[in-house]
Amino acid sequence: MSRIGENIMKRRKELGITQEELAYRMGYKSKSTINKIELGINDIPRSKVTKFAEVLGIEPAELMGWEEVQKNNDT
């Protein structure tokens, strides 16, 4: 599983939305795309990072896992 896929799945579950709902909000035709992204089978296009972050209510850096890396480097 990819880091971004894990972050998407974690945040989606925190929000209590299904893969179907996330797919709809992202403009995908089916949940299979979300499932493949969460499993790390498909990468998300760079152009979709901001949209995923917006839909999930987080910053793009958090979605990418960059904020966690930054916190670890600060200690």
Side-chain angles (χ1 to χ4, degrees):
M1 190 178 299
S2 72
R3 177 59 151 284
I4 193 166
E6 288 177 21
N7 291 342
I8 289 170
M9 181 170 52
K10 179 183 172 195
R11 182 62 179 157
R12 177 181 62 75
K13 288 181 176 184
E14 286 173 356
L15 295 173
I17 60 175
T18 64
Q19 288 181 338
E20 292 90 352
E21 179 65 22
L22 182 55
Y24 173 78
R25 292 180 186 187
M26 288 298 302
Y28 291 118
K29 293 181 182 181
S30 73
K31 74 171 189 169
S32 67
T33 302
I34 300 300
N35 187 51
K36 289 177 183 177
I37 290 169
E38 289 182 353
L39 293 174
I41 297 168
N42 288 0
D43 289 328
I44 65 170
R46 190 174 189 179
S47 61
K48 291 277 191 178
V49 171
T50 303
K51 178 70 174 173
F52 266 104
E54 179 183 309
V55 167
L56 295 171
I58 57 177
E59 294 295 320
E62 185 178 352
L63 180 66
M64 299 297 292
W66 295 340
E67 287 189 358
E68 185 176 306
V69 171
Q70 181 64 34
K71 288 177 187 174
N72 289 336
N73 287 339
D74 287 345
T75 57

Please round to the nearest 0.5 Å and tell me the distance separating atom CG of Leu15 and atom CD of Glu21. 10.5 Å

Compare every heavy atom of Ser30 with every heavy atom of Ala23, then report the nearest pair and how far apart it is. CB-O, 3.4 Å

Got a second to check how far Glu14's CD is from Met9's CE, nearest 0.5 Å? 11.5 Å

Within a radius of less than 6.0 Å around NZ of Lys31, do more than 12 heavy atoms belonging to other residues, nucleotides or ligands occur? no

Heavy-atom pair with the smallest gap, counting every atom of Asn7 and Glu62: ND2-O, 3.6 Å

Option from Ile4, Leu22, Ile58 for which side chain to side chain contact (heavy atoms under 4.5 Å, CB included) with Phe52 holds: Leu22

Checking side chain to side chain contact (heavy atoms under 4.5 Å, CB included) between Gln19 and each of Asn35, Ile8, Thr33, which is the one that passes? Asn35

If you compare all heavy atoms of Val49 against all heavy atoms of Met64, which two are closest, and at what distance to 0.1 Å? CG1-SD, 3.9 Å

Using a 3.5 Å distance criterion without hydrogens, assess whether the side chain of Arg11 forms a donor-acceptor pair with backbone atoms of Leu56. yes

To the nearest 0.5 Å, tell me how far Lys48 NZ sits from Tyr28 OH. 4.5 Å

